[in-house]
Visitor: 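Got a structure for you, questions after.
Note that the structure is predicted; figures quoted are calculated from it, not measured. Worth knowing before you read on, the calculation uses all heavy atoms, side chains too, and leaves out hydrogens, waters and symmetry mates.
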Amino acid sequence: MLKPRKMPGFFFSHNNMNELNGKEDCKLAKGKVHKKKQKACGADLKSYLKCMVPHIESGIKTSSSRNVMLSAEEVIQWSQSLEKLLASQSGQGVFREFLKSEFSEENIEFWLACEDYKKTKSDHLHGKAEKIYEEFVQSDAIKQINIDYQMREATAKKAQDPTHTSFDEAQKTVYILMERDSYPRFLKSKSYLNLLNQLQTNTSNL
């Protein structure tokens, strides 16, 4: 049996009206959530850090179980050299987020993987070397780093019989690339300048 169609101008049933009102309420709720998310990523320093780099929020515990406070002085030191930026866990986090915005986060991820590799026990070198090679070095790697063919081949040979220095040359090349290319742009970026400005403002208000 065919159900009668609802024609324009007909009244909706009480149940249908409730359903429509429910949908409208849902849309309004979503709109409010969206606005709250925008505000959460605004000028407020605490919220900004939560959005950009969750693990460096002031007062949160690091992996070493120590309380750290990100200061304007520390952030200013990041501008002195890439080495000082990468020596800071907070600096690594902020720089990594910046590189993600440029679709080049594989550079810092490879550099950090190499730093971890150097601390690896000798009997675990082969497994880690293979993982780093497959993830960053080989020609079809998901996070392929920007090195030339000769270095890629040389690194592949070193990874087959790994030592603690197997990735040193490739790591140095990637470091220089970040130092000359990404790092200067990072220092001029809104993510860095806004963070520094917020910390300086908070310091002056104390």
Visitor: Got a donor-acceptor contact below 3.5 angstrom from the N197 side chain to the L193 backbone?
Guide: no

Visitor: Can you get from L195 to L187 by hopping between Ile, Leu, Val, Met, Phe, Trp and Tyr side chains that sit under 4.5 Å apart?
Guide: yes

Visitor: Apply the test side chain to side chain contact (heavy atoms under 4.5 Å, CB included) to residues F110 and K143: give CA-CA distance (whole Å), side-chain angles for both, the deciding distance (0.1 Å), then the verdict.
Guide: CA-CA 9 Å; F110 173 70; K143 300 179 181 179; over 6 Å; no

Visitor: Using the side chain to side chain contact (heavy atoms under 4.5 Å, CB included) rule, take Y192 and V94 through it: C-alpha gap first, then chi angles, then the decisive distance, then the call.
Guide: CA-CA 8 Å; Y192 175 72; V94 177; 5.6 Å; no

Visitor: For the rings on F167 and Y117, is their centre-to-centre separation under 6.0 Å?
Guide: yes

Visitor: Is a side-chain donor or acceptor of S104 paired with a backbone partner of K100 at a separation under 3.5 angstrom?
Guide: no

Visitor: Under a 3.5 Å distance rule, please check whether Y133 uses its side chain to pair with a backbone N or O of K128 as donor and acceptor.
Guide: no

Visitor: If I compare all heavy atoms of S182 with all of E102, which pair ends up nearest, and what's the gap?
Guide: OG-OE1, 4.1 Å

Visitor: Could you check whether any side-chain N or O of Q144 sits under 3.5 Å from a backbone N or O of S139, counting only pairs where one atom can act as donor and the other as acceptor?
Guide: yes

Visitor: Between F95 and L177, is there shared hydrophobic-cluster membership here, with clusters defined by ILVMFWY side-chain heavy atoms closer than 4.5 Å?
Guide: no

Visitor: Using only atom types and a distance under 3.5 Å, with no angle test, would you say the side chain of R96 pairs donor to acceptor with the backbone of E105?
Guide: no

Visitor: Between S166 (side chain) and P162 (backbone), is there a donor-acceptor pair under 3.5 Å?
Guide: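 Such a contact is absent between S166 side chain and P162 backbone.
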
Visitor: Taking CD in Q80 as the centre, count heavy atoms belonging to other residues, nucleotides or ligands within less than 6.0 Å. Is the count above 12?
Guide: yes

Visitor: Taking atom CD of E135 and atom CD1 of I132, what is their separation to the nearest 0.5 Å?
Guide: 8.5 Å

Visitor: Working note: L125 + H164, criterion side chain to side chain contact (heavy atoms under 4.5 Å, CB included); need CA distance, chi angles, decisive distance, verdict.
Guide: CA-CA 8 Å; L125 280 180; H164 284 94; 3.8 Å; yes

Visitor: What distance do I108 atom CD1 and E115 atom CD have between them, rounded to the nearest 0.5 Å?
Guide: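 So the gap between those two atoms works out to 10.5 Å.
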
Visitor: Run T173 and M151 through side chain to side chain contact (heavy atoms under 4.5 Å, CB included) and show every step you take.
Guide: CA-CA 9 Å; T173 299; M151 182 168 292; 3.2 Å; yes

Visitor: Rounded at 0.5 Å granularity, tell me how far OH in Y183 sits from OG in S189.
Guide: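 With rounding to 0.5 Å, OH (Y183) is 11.0 Å from OG (S189).
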
Visitor: Tell me whether the rings of W78 and F186 are parallel (<30°), tilted (30 to 60°) or perpendicular (>60°).
Guide: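 Ring orientation, 0 to 90° scale: tilted.
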
Visitor: Is it the case that the side chain of S79 and the backbone of I76 share a donor-acceptor pair, with hydrogens and angles ignored and the cut-off at 3.5 Å?
Guide: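 Yes; judged by distance alone, with no hydrogens or angles, the pair exists.
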
Visitor: Does one side chain, of S191 or E97, offer a donor that lies under 3.5 Å from an acceptor on the other?
Guide: no

Visitor: Using the salt bridge (Lys or Arg N to Asp or Glu O under 4.0 Å) rule, take R185 and D181 through it: C-alpha gap first, then chi angles, then the decisive distance, then the call.
Guide: CA-CA 7 Å; R185 287 201 302 276; D181 187 36; 2.6 Å; yes

Visitor: Going from CG on L86 to CG on L82, what distance comes out if it is rounded to the nearest 0.5 angstrom?
Guide: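 Going from CG on L86 over to CG on L82, the span is 4.0 Å.
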
Visitor: Within the structure provided, determine whether N146 and E106 are in side-chain contact (heavy-atom separation under 4.5 Å).
Guide: no

Visitor: Rounded to the nearest 0.5 Å, what separation is found between the CD atom of E109 and the CD1 atom of I145?
Guide: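 CD1 of I145 is found 12.0 Å from CD of E109.
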
Visitor: I need the minimum non-hydrogen distance between E74 and S90, along with the two atoms involved.
Guide: OE2-CB, 4.1 Å

Visitor: Whether the side chain of H126 engages the backbone of D161 through a donor-acceptor N/O pair (distance < 3.5 Å, no angle test) should be reported.
Guide: no

Visitor: Ignoring hydrogens and angles, tell me if any N or O in the side chain of S81 forms a donor-acceptor pair with the backbone of K84 under 3.5 Å.
Guide: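 A pair under 3.5 Å: yes.
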
Visitor: Does atom NZ (K131) have a neighbourhood of more than 12 heavy atoms from anything else shown, all under 6.0 Å?
Guide: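 No, NZ of K131 has 12 or fewer neighbouring heavy atoms, counting only those of other groups under 6.0 Å.
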
Visitor: Under a 4.0 Å threshold between the charged nitrogen and the carboxylate oxygen, would D168 count as salt-bridged to K158?
Guide: no

Visitor: Drop me the distance from L85's CG to M178's CE, to the nearest 0.5 angstrom.
Guide: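 L85 atom CG to M178 atom CE measures 9.0 Å (nearest 0.5 Å).
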
